There are 2 protein chains.
Amino acid sequence: MPKVFAERSDVIPALGEIFREYGFAGASLSEITERTGLGKGSLYHFFPNGKNEMAEAVLNEIDTWFNENVFAPLRESEDAVSSIRLMFNEVNRYFKSGKRICLVGAFALDHTRDHFSEKVCNYFKIWMNSLTTALKRNGLAKKDAKEIAEEVVGGIQGALVLARSQDDPKIFVRAMKRLEKRIMELIGE
Amino acid sequence: MPKVFAERSDVIPALGEIFREYGFAGASLSEITERTGLGKGSLYHFFPNGKNEMAEAVLNEIDTWFNENVFAPLRESEDAVSSIRLMFNEVNRYFKSGKRICLVGAFALDHTRDHFSEKVCNYFKIWMNSLTTALKRNGLAKKDAKEIAEEVVGGIQGALVLARSQDDPKIFVRAMKRLEKRIMELIGE
DNA sequence: TCTTGATTGTACTGATTGGTACAATATATA
DNA sequence: TATATATTGTACCAATCAGTACAATCAAGA
């Protein structure tokens with residue numbers, strides 16, 4: 001029997017990539033054991049509830065990452081403009097300039113959503129609310145801020161779909177530039 | 001043994017809804033037999049290549065529908081403005097005002113795309129090209145027209161993801177209004 | 001060293017997967 | 001009516017599915 005002990009947190013990124021690639025239903029345990037290098041024994045030791053618990057762990061990690069690196073700055077930074085610029089930079093980095101899709105968006109589309117509806121719903125809701133807060137801090141009316149936030153978050157998701165459909169990440173990069181420019185014009189920067 | 005004979009084309013819409021709901025990997029044959037009311041015998045009689053051929057038939061129907069109702073008018077109508085208005089109307093109708101997702105977009109995200117890459121790629125490509133043509137006919141420079149087309153088609157996809165994530169079709173309706181308005185402003189209507 | 005608990009591989013389960021075979025039935029044509 | 005073809009239900013298949021059981025192994029503390 002093997003030597004090195006893994007940590008639960010070590011596997012989560014790999015699980016994320018597998019779910020991105022195959023979707024929740026399409027990600028089989030055999031694929032998971034193969035790609036993570038962990039046998040079923042370890043897998044069910046770390047995630048007693050199986051695939052569901054694995055997906056939940058991945059969603060939690062995504063949640064934490066975005067809260068720390070994107071949402072919190074949007075809500076709390078005194079310099080709203082630079083927190084918005086930060087958002088575009090970090091989001092671009094996270095999605096690897098369009099080479100990576102949004103797992104939450106993918107889960108949202110089919111009935112996987114129903115298993116994780118709260119997390120899926122909140123991810124986008126908090127993103128939009130945080131961006132709205134930053135925009136209001138820059139003098140936009142609440143209604144306008146909400147509409148722009150919806151447009152930007154939606155635009156990012158759509159660009160990820162489009163980029164992947166054409167196998168052309170530049171579509172995503174272009175969309176990000178366009179959206180950032182529009183926001184900056186609106187808040188007069 | 002039963003009486004009424006079905007037609008291949010009768011099942012395709014039902015297949016479409018099943019794939020929308022469960023994704024390609026998640027749509028099991030037992031679910032398909034149940035929801036279509038057809039046994040495996042009939043199913044494999046109409047689609048000898050199984051699930052793959054079913055999905056292809058669905059994609060073909062989508063392709064035909066959009067070509068007839070959206071893409072061809074955009075490319076061929078003499079009145080480009082009304083062909084763009086028609087696009088928004090028909091697209092809104094097709095996606096049931098945000099209550100229905102885009103199957104092609106869903107297929108694009110995970111590795112299902114690889115099985116149908118040409119169809120997935122062309123659906124969006126032809127959509128964007130057709131819209132670009134209509135915009136150029138209205139005096140927009142080629143580069144601008146292409147960029148707006150990318151923004152609009154992407155924006156629609158993103159709005160579908162967002163609307164479904166929040167279980168709120170109005171998000172889609174708002175996005176459609178916003179995008180139509182922006183296009184109309186750009187071409188001076 | 002001895003013990004304890006965390007980690008792991010292997011073997012196994014019953015259920016479900018996509019798919020095939022084929023006989024029975026229905027419709028259409030002659 | 002007789003025949004040919006299209007359609008269908010059922011039984012079946014091997015492969016794979018998610019998940020369980022458990023003994024073997026490890027690291028660390030007493």
Side-chain angles (χ1 to χ4, degrees), chain A residues 1-59 61 103 106-107 110-116, chain B residues 1-59 61 103 106-107 110-116:
Chain A
M1 315 260 154
K3 22 225 140 169
V4 193
F5 282 16
E7 290 222 18
R8 199 185 119 110
S9 58
D10 291 341
V11 231
I12 296 181
L15 290 173
E17 296 314 314
I18 297 169
F19 285 131
R20 267 176 244 273
E21 201 165 321
Y22 293 94
F24 182 72
S28 68
L29 278 188
S30 66
E31 184 74 29
I32 293 173
T33 56
E34 201 172 304
R35 292 263 293 261
T36 60
L38 289 186
K40 288 189 177 186
S42 310
L43 242 22
Y44 277 86
H45 175 70
F46 291 129
F47 309 96
N49 227 327
K51 234 166 53 150
N52 262 280
E53 196 169 346
M54 298 179 207
E56 236 163 60
V58 171
L59 289 176
E61 212 196 41
L103 183 63
F107 277 11
D110 62 28
H111 92 310
T112 306
R113 198 203 81 114
D114 305 338
H115 297 170
F116 310 102
Chain B
M1 315 259 155
K3 25 223 136 176
V4 192
F5 281 17
E7 290 223 17
R8 198 185 119 109
S9 57
D10 291 341
V11 232
I12 297 181
L15 290 174
E17 296 313 314
I18 296 169
F19 286 131
R20 266 177 244 273
E21 201 165 319
Y22 294 94
F24 182 72
S28 68
L29 278 189
S30 66
E31 183 75 30
I32 292 173
T33 56
E34 200 172 303
R35 292 263 293 262
T36 60
L38 290 184
K40 288 189 177 184
S42 310
L43 242 21
Y44 276 84
H45 175 68
F46 291 130
F47 309 96
N49 228 327
K51 235 167 50 150
N52 263 280
E53 195 169 347
M54 299 179 207
E56 237 162 59
V58 171
L59 289 175
E61 212 195 40
L103 183 63
F107 277 10
D110 63 28
H111 91 309
T112 306
R113 197 204 81 116
D114 305 338
H115 298 169
F116 309 102

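For clarity, every value in this text was computed on a predicted model and none was experimentally measured. Below, chain A is the first sequence line, B the second, and so on; all start at residue 1.
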A/Ser30 side chain near D/dT16 phosphate (N/O to OP1/OP2, under 4.0 Å):
no
Please give, in whole Å, the distance from D/dT16 C1' to A/Glu31 CD?
13 Å
Starting from C1' on D/dA15, measure out to CG on B/Leu29 and report it in whole angstrom.
14 Å
B/Phe47 CZ to D/dT7 P, straight-line distance once rounded to whole Å
12 Å
Say you draw a straight line from CG of A/Leu15 to CZ of A/Phe46; how long is it, rounded to the nearest 0.5 Å?
11.0 Å
At under 4.0 Å, does any side-chain N or O of A/Ser42 touch on OP1 or OP2 of C/dT7?
no
Out of D/dA18, D/dT8, C/dT17, minimum distance to the side chain of B/Ser28 belongs to C/dT17
Let me know the distance between CD of A/Glu53 and P of D/dG19, rounded to the nearest Å.
11 Å
Could you check how far CG of B/Leu43 sits from C1' of C/dA21, rounded to whole Å?
16 Å
When you compare the side chain of A/Glu21 with that of B/Asp114, does any pair of heavy atoms fall below 4.5 Å?
no
Check the pair A/Phe19 / B/Asp110 against side chain to side chain contact (heavy atoms under 4.5 Å, CB included), numbers first and verdict last.
CA-CA 8 Å; A/Phe19 285 131; B/Asp110 63 28; over 6 Å; no
Point-to-point distance, once rounded to the nearest 0.5 Å, from CZ of B/Phe107 to CZ of B/Arg20:
9.0 Å
Whole angstroms only, please: what is the CD1-C1' distance between B/Ile32 and C/dG18?
10 Å
Return the nearest nucleotide to the side chain of A/Tyr44; candidates are D/dT8, D/dG19, C/dT8.
D/dG19
Any chance you could measure A/Leu103, atom CG, to A/Leu59, atom CG, to the nearest 0.5 Å?
6.0 Å
The nucleotide from C/dT8, D/dA18, D/dT8 with an atom nearest the side chain of A/Phe46 is C/dT8
Using heavy-atom distances to pick each residue's nearest nucleotide on DNA chain C, tell me which of A/Lys40 and A/His45 is more 5'.
A/His45
A/Glu34 atom CD is separated from D/dT16 atom C1', nearest whole Å, by 14 Å
Please work out if A/Ala25 contacts a base, only the sugar-phosphate, or nothing of the nucleic acid, heavy-atom cut-off 4.0 Å.
nothing
Round to the nearest Å and state the distance from A/Leu38 atom CG to C/dT8 atom C1'.
9 Å
